[in-house]
Amino acid sequence: MVNAEKRRRTAVPKATRAPGSGATAPVEAATAPAEASLGAKLRYRFDLALSRGPLVVIGYLGLVMLAIIVVASIFIWIFQLKGINGGEPIDNPFDAFWQAMLRVVDSGTFAGDATWPTRLVGLFITICGIFLAGSLIGLIASAVDLQIEQLRKGRSTVLEHGHTLVLGWSPRLPTILSELVEANANMKKAALVVLASVPKDEMEDELRVRVPETGTTRVVCRTGDPSSPADLAMVNVTGARSIIVLAGDEGDAGVVKAVLAVRSVDPAFANAHVVAELDNAGHAATLRTLTDGRIVTIQADEIIAELTAQACHQAGLASVFRELLDFDGDEIYFTSVPDLVGVTYRDALLAFGTCSVLGWIRDDGVVELNPPADATFGAGYEIITVAEDDDTVVFSGVVPVPAIRVDTKVGFDEPAQRILMIGWSDLGPGVLRELDEFLTLGTTIDLIVDPDLISSDLDALDPALPATSNCTITVHRGGRGPEALMEMASTGFDQAIVLGYRDPVPISEADARTMLTLLTLDKAFAGAPARPRVVAEMLDRANVAVAQTTGVEDFIVSDELSSLMIAQLSERLELHKVFDELFDAEGCFVALHPAPLYAAPGTTTAFAEIVAAASQRGQTAFGWRLDGTGEVVVNPAKAATVQLGATDQVLVLGPR
């Protein structure tokens, strides 16, 4: 009863007092909006149709044209109009339809009509046809333009299968692309698909300039969000054979989101293996663990620091790493050779005439580089070699160990050095930390840093320096003009290392400053009795050719080396086990040792004898370096002969 009373009270309109009287007048209830007219509804429907794109409007116009033609043809047929094109009356509905359609398509058809009723009908049909057909043609052209614009935006679906998919945009991408082009050279149809939040035309222009020749590899760019499952479906993520996730502007956050997006489509990562570039070691370890090794993580800065330190340690190593990591020339291969079961590593080193053995991978997946000479090859093992191609890994049988003409008991102790290091970046602490592992106790490093070219406060530089056990680091603050630098460089150094300044200096300016520093060092070392070795880091590979005139023995393009590693892993995921062992602080290391330790100076020696001598020292030899020309030869044939001098070097893989 209470609720009913409430409803009755609220239904009665409130009364207001009429002006100038004591009476009250009811307030009119709010009226409902008037129903829209038929014309308004039609206009509304037409607006909705326009908003759905030109294809819908084209369909509507086509229906209207068809309706006009049908109505006109029925009119012509029923009334049997005379004088159609000057002829007889039309008594066939199909002929009437044909005549009506001709007036829509060809506006000059009604000129031959002979009677006024026919002329009026023909004129009406023709005018309708002019407006409707013209609008239809314009809409079709607009639809084509819209489709072309959509293609330019990079939002169309990719139908590639078995392709390499790159998620994200990075300056390393052109180097990765050039390596994959080389890797796909023997494939008739290969494809690289890039999905990044960068306009499609900008990506294509950048890649076209940096990699003008792509051979048999198609490069397809799409604009989208790498962390969106819908955009991943657009680039056929389930059909890719390998996926590379690059750290772009979002850093690790963008990489993690992209990997999770791939996981939402392929939970077990069963379709493609993933190589992800990360900065944080914790994030990298977590992704590896949670995906059971289906994702291989690359910490670019750590890899760059390790490779730069090893390359700075000895001139010539940068070209060795480049040879091992790129797809041009010799590469690392895994090969199953059942005939090796029971063969010692010493004999296996000489059992391949055209490739160099580095170690093996056991049946449990553990990689052993440079194992003990008397260790035996087990069942299910795969041999790890450096070869020109996989078909050159040919087992030629166990051969007798050749006679060794040098005393392999003579040791090699690298003397302490005095090193001049110029330049600094965020990679500096990592380079010094890694470099300290290779240096002999008592080594000194004089570090020159220009405070105007580093992003951090110079006062924070000393705390940022790593704790070293083999070397002493002295920091010299100030840019050091040419005269001061020449004076300091002439005080006697064994080696000079020039690192490129990074943030906040642009790459071009950083490389230009590096080249000016190299010119200064070249002039300072010109009169030295023993010219110090100079190793320089360049940020852009294109500047190396210009800088080669400054007397530098070796160049390190640090970003290039990490890009080469990413490209290798995208093609063969199992290589990460070799790289982890090769570039780990506790694993094996690549070094150039004096040639007289392995071959008598000035005598013609077969490479097989050098390999046998290195094996006696617990090392694996796989090349040499000629001091006179700086030429580094990787993976010579066992039968190849060479005359090594006292200052030449042998390339070996050995324990730290």
Side-chain angles (χ1 to χ4, degrees), residues 308-322 412-423 431-432 435 438-440 442-448 471-474 476 480-500 511-538 543-557 590-597 601-602 623-633 642-651:
T308 301
Q310 293 193 44
C312 288
H313 175 229
Q314 292 180 313
L317 286 184
S319 59
V320 173
F321 293 142
R322 193 176 300 113
F412 170 64
D413 294 324
E414 185 175 328
Q417 302 180 55
R418 188 177 179 215
I419 300 175
L420 175 63
M421 180 179 289
I422 306 170
V431 172
L432 289 175
L435 191 60
F438 301 98
L439 298 174
T440 305
T443 297
T444 61
I445 299 179
D446 289 273
L447 175 61
I448 300 178
C471 63
T472 302
I473 303 173
T474 304
H476 302 272
R480 298 265 171 178
E483 296 79 9
L485 180 58
M486 289 180 61
E487 181 180 355
M488 184 174 183
S490 61
T491 58
F493 286 93
D494 301 299
Q495 181 180 181
I497 300 172
V498 182
L499 295 181
D511 280 353
R513 186 177 181 89
T514 297
M515 286 186 278
L516 290 175
T517 302
L518 294 176
L519 286 173
T520 304
L521 293 177
D522 183 53
K523 187 174 182 179
F525 295 154
R531 181 184 176 89
R533 291 187 295 108
V534 180
V535 180
E537 178 195 21
M538 301 297 291
N543 295 325
V544 172
V546 179
Q548 283 177 336
T549 60
T550 59
V552 181
E553 293 192 58
D554 209 355
F555 285 97
I556 306 159
V557 186
V590 178
L592 289 164
H593 285 178
L597 298 176
W624 62 67
R625 178 180 182 273
L626 302 179
D627 183 63
T629 61
E631 178 188 9
V632 177
V633 178
V642 64
Q643 286 188 358
L644 297 177
T647 58
D648 295 331
Q649 296 166 303
V650 171
L651 179 63

List in chain and number order the residues that pass side-chain contact (heavy atoms from CB on, under 4.5 Å) with Pro601, two or more places apart in sequence or in another chain; answer none if no residue qualifies. Pro596
Name the residue from Val535, Leu521, Ile448 that meets the side chain to side chain contact (heavy atoms under 4.5 Å, CB included) definition with Val498. Leu521
Minimum heavy-atom distance between Ala595 and Gly645, given as atom pair plus value: CB-O, 3.8 Å
When you look at Leu435 and Ile497, which way does the side chain to side chain contact (heavy atoms under 4.5 Å, CB included) test go after all the steps? CA-CA 11 Å; Leu435 191 60; Ile497 300 172; 4.0 Å; yes
Atom CD in Glu537, atom CG in Asp511: separation rounded to 0.5 Å? 8.5 Å
In terms of heavy-atom contacts, Thr440 and Pro415 come closest through OG1-O, 3.7 Å
Please round to the nearest 0.5 Å and tell me the distance separating atom CD1 of Ile445 and atom CG of Leu439. 5.5 Å
Tell me the closest heavy-atom pair linking Leu447 and Gly423, and the distance in Å. CD1-O, 3.7 Å
Say you draw a straight line from CG of Leu420 to CD of Gln495; how long is it, rounded to the nearest 0.5 Å? 10.0 Å
All heavy atoms of Thr520 vs all of Pro482, minimum pair found to be CG2-O, 3.7 Å
Thr647 meets the side chain to side chain donor-acceptor pair (under 3.5 Å) criterion, sequence neighbours left out, with Asp627
Gln417 side chain to Asp494 main-chain N or O, any donor-acceptor pair under 3.5 Å? no
Between Ala496 and Phe525, what is the shortest heavy-atom contact and its length? CB-CE1, 4.0 Å
Mind checking the CD1-OG1 spacing from Ile473 to Thr443? Nearest 0.5 Å is all I need. 11.0 Å
Gap between atom OG1 of Thr444 and atom CD1 of Ile419 - 0.5 Å precision: 7.5 Å
Enclosure of Glu414 CD (heavy-atom neighbours >12, cutoff 6.0 Å): yes
Could you tell me the separation between the OG1 atom of Thr491 and the CG atom of Asp446, rounded to the nearest 0.5 Å? 7.0 Å
For residues Thr514 and Ala536, report the shortest heavy-atom separation together with the two atoms involved. CG2-CB, 4.5 Å
